[in-house]
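Notes follow the structure.
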2 protein chains.
Amino acid sequence: MSSPSTPTRGRPARLDRTRTLHKALDLLNQSGLDALTMRRLADAMGVRAGALYRYFATKQDLLTAMAERMMDGVAESAAEAGEGDWSEQLTALARAMRTALLAHRDGARVYAGTHATGANVLGFADACVGVLREAGFRDDDAARALFTVANFTVGHTLEEQAALRASDGEPADPEVLREALTAGTYPHLSATLPTLTSTDFTRLFDFGLGLLVEGLRARR
Amino acid sequence: MSSPSTPTRGRPARLDRTRTLHKALDLLNQSGLDALTMRRLADAMGVRAGALYRYFATKQDLLTAMAERMMDGVAESAAEAGEGDWSEQLTALARAMRTALLAHRDGARVYAGTHATGANVLGFADACVGVLREAGFRDDDAARALFTVANFTVGHTLEEQAALRASDGEPADPEVLREALTAGTYPHLSATLPTLTSTDFTRLFDFGLGLLVEGLRARR
DNA sequence: ACCTGAACACCGTTCAAGT
DNA sequence: ACCTGAACACCGTTCAAGT
């Protein structure tokens, strides 16, 4: 449970898991996932890269801990908001997860690239399954619905954060696209272009989440 | 439309976009995304890494082209399978996309990490929106449903391929997990453990997709 | 016990120079 | 026109040695 520094013996350590994690999330927000290297993190902590490996076995281990920390308080915040029935509670949980991922630059990419199984992630999962079981859903439906909601939320937020970063520069898509659209190659995309290019991601997320909830209601 | 080698002048080129793309997908299947480097791809093509940059501006450009190629034939294969009503056709399209991503190791990760807007991806999108519009859905609902289905499919398949690769080794999760479960910390996860640890991803995908389709039916 | 120094085995990308 | 050679500016990770 604690390899480094259990008693306070010797010099006070300049590093520890909590402070390093905090700085890593800072760096993520400032520069994004691609710029988050062990060397740069070490620099920010006033230490050499090798020293980090006393606290994190690998970079993957660090990223997993970051993902877990991002989910801090998600189950709880949704519990406050969700005073209504199962559908309102599940909606609150999914929205809280999206908000947590959006709170950090590339948050969804970090989450999707790891397999965090700490108290925050498990607490969130237990809350989702709990809401559905107590509403009378079958155990297997409740469990599968958890995955559906989580996978949709991660998939959506991955896309959302990618779109945010892509729009910080070029004019969306190459001219080839708009050309093909006006040429009539994709009539249905042309017809729905305003919605397809909308940046109201909250509305888009709520639409998809609404479909899932309605689908669940029909199955209950 | 063709910077390198439009006329066949000079020595026959050892490289071209199509053959390089093919080899890149081969390498992806053999060794996975982490092992797919420009240097290794160049080696496989009998060339030095720098030469690849005459055909792909960046590695990201290569990955985008790979994602686009993975979606080859997806809209078409679903059109054959989908002879029924809108719900069957949309289901066929989503299943075909999952199958296409599963066909290559780390396929979902490649797709999620890019923003392919070639004929295959646009054709798929147009087909999805078309099915819904012709079924009488509002334009904005049809467009949003496309994103929901695509984001869910990518999110699910990302998780599925990550789980496949994780199970090629250690016994799923650390003992800490099973300990916390039996300790009663997560009663709902404990109660649904069989479904949560199931590896029947096709069933899980169909469940989520079914929820989306039922949600759409309710909105029509 | 905690961290440095230095190395190992790599990366993506660029570009003058060769053929 | 197409590719090589060589470099630039990095990576994650390991580990003997210092303090």
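Just so it is clear, the values below take in all heavy atoms, side chains as well, and ignore hydrogens, waters and symmetry mates. Below, read A as the first sequence line, B as the second, and so on, with proteins coming before strands; counting in each chain starts at 1.
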What is the distance, rounded to the nearest whole Å, between atom [atom1] of [X] and atom [atom2] of [N]?
X: B:Tyr55; N: D:dC2; atom1: OH; atom2: C1'; answer: 6 Å
X: A:Leu36; N: D:dC11; atom1: CG; atom2: P; answer: 10 Å
X: B:Asp16; N: D:dC3; atom1: CG; atom2: C1'; answer: 15 Å
X: A:Arg17; N: C:dC2; atom1: CZ; atom2: P; answer: 14 Å
X: B:Met45; N: D:dC2; atom1: CE; atom2: C1'; answer: 13 Å
X: B:Asp34; N: C:dC11; atom1: CG; atom2: C1'; answer: 12 Å
X: B:Leu52; N: C:dC15; atom1: CG; atom2: C1'; answer: 15 Å
X: A:Leu41; N: C:dC3; atom1: CG; atom2: P; answer: 13 Å

Partners passing salt bridge (charged side-chain N to carboxylate O under 4.0 Å, His left out) against [X] (at least two apart in sequence or in another chain):
X: B:Asp43; value: none
X: A:Arg17; value: A:Asp61
X: A:Asp139; value: A:Arg133

Under 4.0 angstrom between B:Tyr53 side-chain N/O and D:dC3 OP1 or OP2: no
Contact under 4.0 Å: B:Arg40 side-chain N or O vs C:dC11 OP1/OP2: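 B:Arg40 to C:dC11 OP1/OP2: side-chain N or O found under 4.0 Å.
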Contacts under 3.5 angstrom, residues 149-159 of chain B side chains, donor-acceptor by atom type, not counting sequence neighbours:
residue: B:Asn151; atom: ND2; partner: B:Phe147; partner atom: O; Å: 3.2
residue: B:Thr153; atom: OG1; partner: B:Val149; partner atom: O; Å: 2.7
residue: B:His156; atom: NE2; partner: B:Glu160; partner atom: OE1; Å: 2.8
residue: B:Thr157; atom: OG1; partner: B:Thr153; partner atom: O; Å: 2.7

Secondary-structure string, 5' to 3', Watson-Crick or G-U under 3.5 Å, | for another-strand partners, for DNA chain D: ||.|||||...|||||.||
Closest-nucleotide ordering on DNA chain D, the 5'-leading residue of A:Ala57 and A:Thr37: A:Thr37
Closest listed nucleotide, where the reference is the side chain of B:Ala13 and the choices are D:dC2, C:dC3, D:dC11: D:dC2
Candidates D:dT13, C:dC3, C:dG12 - which lies nearest the side chain of B:Lys59: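 The closest nucleotide is C:dG12.
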Would you tabulate the side-chain donor-acceptor contacts of residues 22-34 of chain A under 3.5 Å, counting partners in other chains and residues two or more places apart, or write 'none'?
residue: A:Asn29; atom: OD1; partner: A:Arg105; partner atom: N; Å: 2.8
residue: A:Asp34; atom: OD1; partner: A:Arg109; partner atom: NH2; Å: 2.8

Rounded P spacing from D:dC10 to C:dA9 in Å: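 Per the computed distance, 22 Å lies between those P atoms.
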Without placing hydrogens or testing angles, list every side-chain donor-acceptor pair under 3.5 Å for residues 118-129 of chain B, not counting sequence neighbours.
residue: B:Asn120; atom: ND2; partner: B:Glu68; partner atom: O; Å: 3.0
residue: B:Asn120; atom: ND2; partner: B:Glu68; partner atom: OE2; Å: 3.4
residue: B:Asp126; atom: OD1; partner: A:His188; partner atom: N; Å: 2.9
residue: B:Asp126; atom: OD1; partner: A:Leu189; partner atom: N; Å: 2.9

Sub-4.5 Å side-chain heavy-atom contact between B:Met97 and B:Leu93: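 No, their side chains stay 4.5 Å or more apart.
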Test item: B:Arg165 and B:Asp106 side chains (from C-beta on) under 4.5 Å apart, heavy atoms: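 Result yes, sub-4.5 Å side-chain heavy-atom pair found.
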Where at least one partner belongs to residues 189-212 of chain B, residue pairs that pass side chain to side chain donor-acceptor pair (under 3.5 Å), sequence neighbours excluded: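 Qualifying pairs: B:Arg95-B:Asp206, B:Arg98-B:Thr202.
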B/S/- contact track for nucleotides 4-9 of chain D, protein heavy atom under 4.0 Å: BS-B--
